[in-house]
There are 2 protein chains.
Amino acid sequence: MLAPIKIRDASLKQIRHACSNCSLRELCLPVGLSRDEMKQVDQLVTQGRPIRRGEYLYRAGQRFHSIYAVRLGFFKTSVISEDGREQVTGFHMNGELMGLDAISTTRHTCDAVALEDGEICELPFDDFESLARRIPALQHHLYRMMSREIVRDHGVMLLLGNMKAEERIAAFLLNLSERFEQRGYSHSSFHLRMTREEIGSYLGLKLETVSRTLSRFQEQGLVKVQNRLINLTDEAGLRQLVSSCVRD
Amino acid sequence: MLAPIKIRDASLKQIRHACSNCSLRELCLPVGLSRDEMKQVDQLVTQGRPIRRGEYLYRAGQRFHSIYAVRLGFFKTSVISEDGREQVTGFHMNGELMGLDAISTTRHTCDAVALEDGEICELPFDDFESLARRIPALQHHLYRMMSREIVRDHGVMLLLGNMKAEERIAAFLLNLSERFEQRGYSHSSFHLRMTREEIGSYLGLKLETVSRTLSRFQEQGLVKVQNRLINLTDEAGLRQLVSSCVRD
DNA sequence: GAATTTTTTTGATCTAAATCAACAATTGCC
DNA sequence: GGCAATTGTTGATTTAGATCAAAAAAATTC
């Protein structure tokens, strides 16, 4: 969830635990599976496939067979409008699922491309579904993951519909920070895998605005920017930016 | 799907058929259930409850128990940011589900309110889930409905991130038109159930901009506007607006 | 059905972000 | 390691839509 809708997500820590050290981590499955059930899921989850930067997992219009779990790396998904405008719909890192949008039409509705070398897990959806019928926790888990995607999208809608450039970028940085931290990386220092243009496309801004805003943040001592390396030097300040503007 | 991502939805007509005349229409379940399965679903789907205009189905933060199927009427869902800004996340009419966002956290993440008197069906989610395990078509159907919501949200993201006011409003009118038509109402003449402000909140515009744009459309002969009654007098023109601006 | 409140329209002005432009820095490639 | 291509920065200018304001029209309430 990118924009600050106030809902506590108590389940995060739990999930992180469950994901830490088993072969199911790429599914982020909560604990509670029997040894036998685990084995069945394992069989479904094919060995992670290495993916090179720039490689597409799928493109809009292609037939849908599998959902994809990021095991490693950084991906972007985007939709292209009739007249060729790109809207980045998300950036995805390990433990996150892609392709859920395709279930409804049995065709992919967006493109998914790797922004750095990585590894992904392909989950044939038919198999997943029938296995889910036998393993309630698995069924429930997918409902939860899809629901989470909807919540995330609503957050982006709030951001796009209501926030101004500074707020959007602050929210974006804080969101990345949080997600890196959840994965055991530094929350205050991280590398952007995407271009300014891609950030802009996600946030509904032009790349110049993204660049300028980052520069301004730097002047204000909120962040330190060296190319794509970001240092959050005043997280509280950023947080304030997100939730304070346009107060009435 | 609001913005024109080019994916054909072949299943719509089929669904409409299935929904036409059975007690499951509020779930929009595709055919293929046995008589016995139907009966089980029927038991789950409580008798539709009448809802008055202004009544809330749920509010953000409340515990999640059920998803809601609109049987009749017109609803809006919206998220409120920390500092009180409202983002309308959707308008919902009969056959559509609300509350899917709540599955992930077991708390509702948005408000749902009736914009006119109507009738809704409450579906206790736990029961739904266990029934879904026994009825594959039901399980699959919920995955599809959730996926569809994700696709729709991506369309809104495209609209908010890339389109200008005129395009947004044209897309919005065409989307309503299509949905009314799918339900057997006129596609060219319909009544807006929401205020200009609510339209604006959904589309990321101020109410003045919505009003002005509608007036301009009227001058251009694209629509006829009488209060909330809308007459699409040049659908082709509207369609062109949506897909032609900012061509490069 | 008169009075109050809410919603809508329209005009004037302002402003945040887009656009246009030029150059600098990085990255990737032969 | 040098060269081309991509990506990023910064400045000047424009503009779409926001904001402010006021009045008109509808809807609601008593």
Side-chain angles (χ1 to χ4, degrees), chain A residues 52-55 76 85-88 113-117 159-172 191-220 223-230 241 245-248, chain B residues 52-55 76 85-88 113 115-117 159-170 172 191-220 223-230 241 245-248:
Chain A
R52 305 299 306 272
R53 182 157 86 91
E55 201 174 321
K76 107 178 160 183
R85 280 174 279 182
E86 178 188 43
Q87 172 71 35
V88 172
V113 64
L115 296 183
E116 64 179 2
D117 294 354
L159 176 141
L160 291 172
N162 277 291
M163 294 168 64
K164 34 173 131 52
E166 289 202 344
E167 305 177 83
R168 294 184 200 191
I169 293 190
F172 175 70
H191 183 82
L192 299 175
R193 272 73 171 186
M194 70 297 277
T195 67
R196 305 286 192 258
E197 187 168 26
E198 286 165 331
I199 296 174
S201 170
Y202 183 55
L203 299 178
L205 301 169
K206 291 296 157 185
L207 67 98
E208 294 96 324
T209 305
V210 174
S211 178
R212 267 186 250 276
T213 306
L214 285 176
S215 300
R216 191 148 6 105
F217 280 1
Q218 176 152 257
E219 281 167 34
Q220 296 167 342
V223 299
K224 190 150 166 285
V225 185
Q226 296 163 287
N227 301 315
R228 297 194 182 179
L229 186 69
I230 297 287
L241 252 184
C245 265
V246 192
R247 175 166 291 289
D248 31 307
Chain B
R52 305 299 307 272
R53 182 156 86 91
E55 200 174 322
K76 106 178 160 183
R85 281 174 278 181
E86 178 188 43
Q87 172 71 38
V88 172
V113 64
L115 297 183
E116 64 178 3
D117 294 355
L159 175 141
L160 291 172
N162 276 290
M163 294 168 66
K164 35 175 133 50
E166 288 201 344
E167 305 177 82
R168 294 184 199 190
I169 293 189
F172 175 71
H191 183 82
L192 299 175
R193 270 74 170 186
M194 70 298 277
T195 67
R196 305 286 192 257
E197 188 169 26
E198 286 165 330
I199 296 174
S201 170
Y202 183 55
L203 299 178
L205 302 170
K206 291 296 157 185
L207 66 98
E208 293 96 325
T209 305
V210 175
S211 178
R212 268 186 249 276
T213 305
L214 285 175
S215 299
R216 191 150 3 107
F217 280 1
Q218 176 152 259
E219 280 167 35
Q220 296 166 342
V223 300
K224 191 151 166 284
V225 185
Q226 296 164 286
N227 299 316
R228 297 195 181 177
L229 186 69
I230 297 287
L241 252 184
C245 266
V246 191
R247 175 166 292 289
D248 31 307

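Throughout, a chain's letter reflects where its sequence line sits, starting with A, and its residues are numbered from 1.
Proximity of B:Met194 to B:Val88: side-chain heavy atoms (C-beta onward) are nowhere separated by under 4.5 Å. The shortest side-chain heavy-atom distance between B:Thr195 and B:Leu207 does not fall under the 4.5 Å cut-off.
Straight-line distance from the CD1 atom of A:Ile199 to the C1' atom of D:dT7: 12 Å, rounded to whole Å. The CZ-P distance, from B:Arg168 to D:dG17, rounds to 7 Å in whole Å. To the nearest angstrom, P of C:dG28 lies 12 Å from CD of A:Glu116. For the pair B:Leu229 CG and D:dA25 P, the computed distance is 18 Å after rounding to whole Å. For the pair A:Leu203 CG and C:dA16 C1', the interatomic distance rounds to 16 Å; values are reported in whole Å. Taking atom CD of residue A:Glu198 and atom C1' of nucleotide D:dG8, one finds them 13 Å apart after rounding to whole Å. Regarding B:Asn162, its CG atom lies at a distance of 14 Å from the C1' atom of C:dA17, rounded to whole Å. The distance from atom CD1 of A:Ile169 to atom C1' of C:dA17 is 11 Å, rounded to the nearest whole Å.
Of the candidates A:Arg53, A:Lys76, A:Arg193, A:Glu116 forms a salt bridge (charged side-chain N to carboxylate O under 4.0 Å, His left out) with just one, namely A:Arg193.
Scanning for side-chain contact (heavy atoms from CB on, under 4.5 Å) contacts around B:Thr209 gives B:Ala165, B:Leu205, B:Lys206, B:Thr213, with sequence neighbours left out.
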Sugar-phosphate means primed atoms, P, OP1 and OP2; the rest is base. With that split, encode nucleotides 4-11 of chain C 5' to 3' as B, S or - using protein heavy atoms under 4.0 Å. ---SSBBB
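The nearest heavy atom of DNA chain D to B:Arg53 and to B:Ala165 marks one nucleotide each, and the one closer to the 5' end goes with B:Ala165.
For the helix from C:dG1-D:dC30 to C:dC30-D:dG1, the angle separating the two terminal helix axes comes to 60°, with each axis derived from five pairs and the value rounded to 10°.
A:Glu167 and A:Leu241 make their closest contact through CG-O, 3.7 Å (heavy atoms, listed as atom of the first residue, atom of the second, distance). Of all heavy-atom pairs spanning A:Ala171 and A:Leu159, the tightest one is CB-CD1, 4.0 Å.
A distance-only check finds a donor-acceptor pair linking the side chain of B:Arg168 to the backbone of B:Leu203 [under 3.5 Å]. B:Ser201 contributes no side-chain N or O that, together with a main-chain N or O of B:Glu197, makes up a donor-acceptor pair within less than 3.5 Å.
Interatomic distance, CZ of A:Arg196 versus CD1 of A:Ile169, reported as 9.0 Å (0.5 Å rounding).
A sub-4.0 Å separation between OP1 or OP2 of C:dT19 and a side-chain N or O of A:Lys206 is present.
Counting any heavy atom pair closer than 4.0 Å across all strands shown, B:Gly204 reaches sugar-phosphate atoms only and no base atom.
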